[in-house]
Amino acid sequence: MQPRSRSVQARRCAALPRLGRLRAPSPRPVATLPAPMSAISDPSAPLAPRVRFAPSPTGYFHVGGARTALFNWLLARRLGGRFVLRIEDTDRERSDPAWTEGILSALTWLGITWDEGPFFQSERRHLYDAAAKRLFAEGRAYACDCSPEAVRARTEQRATPGYDGFCRDRGLAFERGRALRYRVPDEGMTVVHDLVRGDVEFQNATIEDFVIVKSNGDPLFVLAVVVDDLDMAITHVIRAEEHLPTTPKAVLLWDALADGRPLPAFAHVPVLVNERRQKLSKRRDRVAVEDYRALGYLPEAMVNYLALLGWSPADGREVLSREEMIEEFRLEDVLRSPAFFDERRLLHFNGLYLRGLSQAEFIEHARPFLQGEHVPWAPGRFDASVFAALAPLVQERAGTLGEVPGLVAFLFVEPFEPDADAFAKAISSDVGAGPILQATIAALESVEFSPAALRQAIEEVAERAGRKLGKAQAPIRVATMGRATGLPLFESLEALGRERTLERLKVALGRLGSL
RNA sequence: GGCCCCAUCGUCUAGAGGCCAAGGACACCACCCUCUCAAGGUGGAGACACGGGUUCGAAUCCCGUUGGGGCUGCCA
């Protein structure tokens, strides 16, 4: 199978209106046991894929998981299929409902909605037990009482890694305290037909007799995944590349349990990596979706950026609405190499989306960052109408919503305290600053507090000081706004008002004089 | 170590044997615009990992090398 060649076809079809959508779905790959298409009883099934996103609640939800969820979601939406959410919490030691909450809220925030679920594997135990019992009864799996230590000790003696099949023919009964292992064929190969990578071959001899039920009776994910994918009639398994090595095991189990039902199509998408090109890790890398939300990234920007990691639309556009992504998304166009999660680029997209908001939308989005728990000013100091007046200027400059409070803090933080470094640079160490502050105070006593009038007054101050406006406004800006950069000065002073402006200028001048 | 995957500017990518003296975007640099900072505009620097094949012709196909990554759990 040549995935890339199919995508040529996809693009040509897409060029013809409507035809792209009617294009037949990806060929249904079959593994060791070929299964006929007719095995699907529902004739509409091939056109209505069922995908699943199956995170394990063992840590916060990171952007890599979000990207995988997004690809699943895009495929389901494009082909009119169903997106199933399944929580893989078979590991009772590490799973925590709190993490599940985080996953659900992050997906919701991103607008990745699920059609079915969330299903919890912890509530489906009977299905895995039944499958295990069947595999054991049919001789496809056997009980094993080797301790992990014993297995490891024996493995170290041998050249080949993995379990050595010690219990294969001991005929042990399947009971508590014993694990269940799948009897992998010694010969032959298992082929994974992957929509992203093509055929990947695994020699069965290199696959150990893997555990499918722990000695405490809990199922292992390999078994649970296959049982659920079968039970939920999943047609496309889209997941991260790290799952590729376990896929032949899943294929083997599928063949043993599916009663001829065709294998789902597999698509192993590349992992997201950090700057050292290692797989993004919850422990190493600070990449929780919730963190980006808290920093003031917009979900639309995040989704747009994430979609472009490992995928790009045929026409090369980069700014895509959700609808456009759905329309353009092709699994066959997903790349095979890992992508670096670049916050700089995310920031760029965020700025684009922030500026694309209407003024009202922007104000609405900024509200939680201005009136929430962690604002830099005392509660109650915030004045929504003052902010609204400056909002367009803020919107133009903010890269994230989290930057918004900093841009308007000078209006609401009392007592006001200019940044020490900025004060030192623009006022203390500038011999011309004193006279300018002095002249500005005099000029602003009576001038109308409108941007135009303020500009004219300060231009005159600058001229008398023999400076360009840009140089003259620096000490005024630091004295009144506390920072060397930020919102335009005249609009800011208008919002601040005459009284506070003059007071701050005088305080700055006084501080200069007492140095 | 074993199995598997991957390889185009620093980064994300376009590229499907001739349309490629390799295009776009982010970041970077310069200039323009400009009350600061942004935004915007213009320009610049910057890549086919290496070696063999195949072919009239290779970023593109094949093989090898190198490099990177994933898996190698009674985690998912």
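Every chain is numbered from 1 and lettered A, B, ... according to where its sequence line falls, protein lines coming before strand lines. Worth knowing before you read on, the calculation uses all heavy atoms, side chains too, and leaves out hydrogens, waters and symmetry mates.
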Enquirer: Between A/T90 and B/A76, is there a side-chain N or O to OP1/OP2 distance below 4.0 Å?
Expert: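 It does, given that an N or O in the side chain of A/T90 lies less than 4.0 Å from OP1 or OP2 of B/A76.
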Enquirer: Return the pairing partner of B/G1 with a 3.5 Å limit on both distances, Watson-Crick or G-U wobble; otherwise return none.
Expert: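 Its partner is B/U72 (Watson-Crick or G-U wobble, both distances under 3.5 Å).
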Enquirer: Between B/G44 and B/C26, how far apart are the P atoms? Round to whole Å, please.
Expert: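 It works out to 16 Å between them.
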Enquirer: Taking only the P atom of each, what is the distance from B/G67 to B/A30 in whole angstrom?
Expert: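 So the two P atoms sit 38 Å from each other.
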Enquirer: Calculate the interatomic distance between A/Q203 atom CD and B/C3 atom P; express it in whole Å.
Expert: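 My rounded result for the distance is 10 Å.
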Enquirer: What does the B/S/- profile of nucleotides 31-42 of chain B look like, 5' to 3', with a 4.0 Å heavy-atom cutoff to protein?
Expert: ----BBBBSS--
Enquirer: Counting only distance, no hydrogens or angles, is the base of B/G24 paired donor-acceptor with the side chain of A/E318 under 3.5 Å?
Expert: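 Result: at least one qualifying N/O pair found.
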Enquirer: Give a yes/no answer on whether the side chain of A/K279 brings an N or O atom under 4.0 Å of OP1 or OP2 in B/C71.
Expert: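 Looking at the OP1 and OP2 atoms of B/C71, one of them is under 4.0 Å from a side-chain N or O of A/K279.
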Enquirer: Examine A/Y142 together with A/F166 and report whether their ring centres are nearer than 6.0 Å.
Expert: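 Between A/Y142 and A/F166, the centre distance exceeds or equals 6.0 Å.
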Enquirer: For RNA chain B, whose closest nucleotide is more 5', that of A/V271 or that of A/V200?
Expert: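 This one resolves to A/V200.
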Enquirer: Can you find a side chain N or O atom of A/S312 that sits less than 4.0 Å from OP1 or OP2 on B/A14?
Expert: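 Answer yes for this pair, as a side-chain N or O of A/S312 is under 4.0 Å from OP1 or OP2.
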Enquirer: Quick one: which of B/U11, B/C6, B/A76 gets closest to the side chain of A/D342?
Expert: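 Of B/U11, B/C6, B/A76, B/U11 is nearest to the side chain of A/D342.
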Enquirer: Do A/R345 side-chain and B/A25 base share a donor-acceptor contact under 3.5 Å?
Expert: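 Check passes, donor-acceptor contact within cut-off.
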Enquirer: May I ask which nucleotide in the shown strands pairs with B/A59, Watson-Crick or G-U wobble, both distances under 3.5 Å?
Expert: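 Its partner is none (no Watson-Crick or G-U wobble pair with both distances under 3.5 Å).
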Enquirer: For B/A25, give its Watson-Crick or G-U wobble partner with both distances under 3.5 Å, or none.
Expert: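 The answer is B/U11, by the H-bond criterion.
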Enquirer: Counting only Watson-Crick or G-U wobble pairs whose two distances fall under 3.5 Å, which nucleotide matches B/C20?
Expert: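 Pairing partner: none.
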Enquirer: Select base, sugar-phosphate, or nothing to describe what A/R344 touches, counting heavy atoms under 4.0 Å on all strands.
Expert: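 Sugar-phosphate: the residue A/R344, judged by heavy atoms under 4.0 Å, touches backbone atoms but no base.
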Enquirer: Considering only side-chain heavy atoms of A/F340, which listed nucleotide, B/G70, B/C12, B/A76, is closest?
Expert: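 Looking only at heavy atoms from C-beta outward on A/F340, the closest nucleotide is B/C12.
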Enquirer: Say we look at B/A25 and B/U65: how far apart would their P atoms be, to the nearest angstrom?
Expert: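 Per the computed distance, 39 Å lies between those P atoms.
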Enquirer: Below 6.0 angstrom between ring centroids: does that apply to A/W311 and A/F329?
Expert: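 They qualify: ring centres under 6.0 Å apart.
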Enquirer: Can you tell which of B/A76, B/C12, B/C4 lies closest to the side chain of A/E88?
Expert: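 Output: B/A76.
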Enquirer: Using purine N1 to pyrimidine N3 plus N6-O4 or O6-N4 for Watson-Crick, or N1-O2 and O6-N3 for G-U wobble, both under 3.5 Å, which nucleotide pairs with B/G46?
Expert: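 Check on B/G46: unpaired, no WC or wobble geometry under 3.5 Å.
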Enquirer: Could you tell me which nucleotide pairs with B/C31 by Watson-Crick or G-U wobble geometry, both distances under 3.5 Å, or answer none if nothing does?
Expert: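 Base-paired to B/G41.
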Enquirer: Rounded to whole angstrom, note down the C1' distance from B/U60 over to B/C19.
Expert: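 After rounding to an integer number of Å, I get 14 Å for this pair.
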Enquirer: With distance as the sole test, does A/D89 use its side chain to make a donor-acceptor pair with the main-chain N or O of A/S122 at under 3.5 Å?
Expert: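 Checking the backbone N and O of A/S122 against the side chain of A/D89, a donor-acceptor pair under 3.5 Å is found.
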Enquirer: Mark yes or no for whether A/S312, through its side chain, and A/L308, through its backbone, hold a donor-acceptor pair below 3.5 Å.
Expert: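 Absent.
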Enquirer: From the options B/G69, B/C12, B/A7, select the nucleotide whose nearest atom is closest to the side chain of A/E241.
Expert: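 It is B/G69.
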Enquirer: With a non-hydrogen cut-off below 4.0 angstrom, is A/H268 in contact with a base, only sugar-phosphate, or nothing?
Expert: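 No contact.
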Enquirer: Any donor-acceptor pair under 3.5 Å linking the side chain of A/R330 with the backbone of A/E328?
Expert: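 Answer holds: yes.
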Enquirer: Where do A/E187 and A/N204 land on the side chain to side chain donor-acceptor pair (under 3.5 Å) test, with the steps shown first?
Expert: CA-CA 6 Å; A/E187 298 178 348; A/N204 290 154; over 6 Å; no
Enquirer: Under the 3.5 Å rule, do the base of B/C71 and the side chain of A/T246 count as making a donor-acceptor pair?
Expert: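 Under the 3.5 Å cut-off, the side chain and the base do not form any donor-acceptor pair.
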Enquirer: On the nucleotide B/C5, are OP1 or OP2 found under 4.0 Å from the side-chain N or O atoms that A/R336 carries?
Expert: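 So the side chain of A/R336 is outside the cut-off, no N or O lying under 4.0 Å from OP1 or OP2 of B/C5.
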Enquirer: Rounded to the nearest angstrom, tell me the gap between atom CG in A/L335 and atom P in B/A16.
Expert: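 From A/L335 CG to B/A16 P: 14 Å.
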Enquirer: Could you give the distance separating B/C48 and B/C75 at their C1' atoms, to the nearest angstrom?
Expert: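 39 Å, rounded to whole Å.
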Enquirer: Searching all strands shown, indicate the nucleotide that pairs with B/G67 (Watson-Crick or G-U wobble; both distances under 3.5 Å).
Expert: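 Pair assignment: B/G67 / B/C6.
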Enquirer: Below 30° counts as parallel, above 60° as perpendicular, anything between as tilted: where do the rings of A/Y305 and A/F349 land?
Expert: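 Aromatic pair A/Y305/A/F349 classed tilted.
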Enquirer: By the definition side chain to side chain contact (heavy atoms under 4.5 Å, CB included), identify the one residue from A/P57, A/P118, A/P55 that meets it with A/L104.
Expert: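 Of all the options given, the one that passes is A/P118.
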Enquirer: Classify the ring geometry between A/F53 and A/F61 as parallel (under 30°), tilted (30 to 60°) or perpendicular (over 60°).
Expert: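 A/F53 vs A/F61 ring planes: perpendicular.
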Enquirer: B/A27 P sits how many Å from A/E275 CD, rounded?
Expert: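 In whole Å, B/A27 P and A/E275 CD are 18 Å from each other.
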Enquirer: For A/I103 and B/A76, give me the distance from atom CD1 to atom C1', rounded to whole Å.
Expert: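 Interatomic distance, CD1 of A/I103 to C1' of B/A76: 11 Å.
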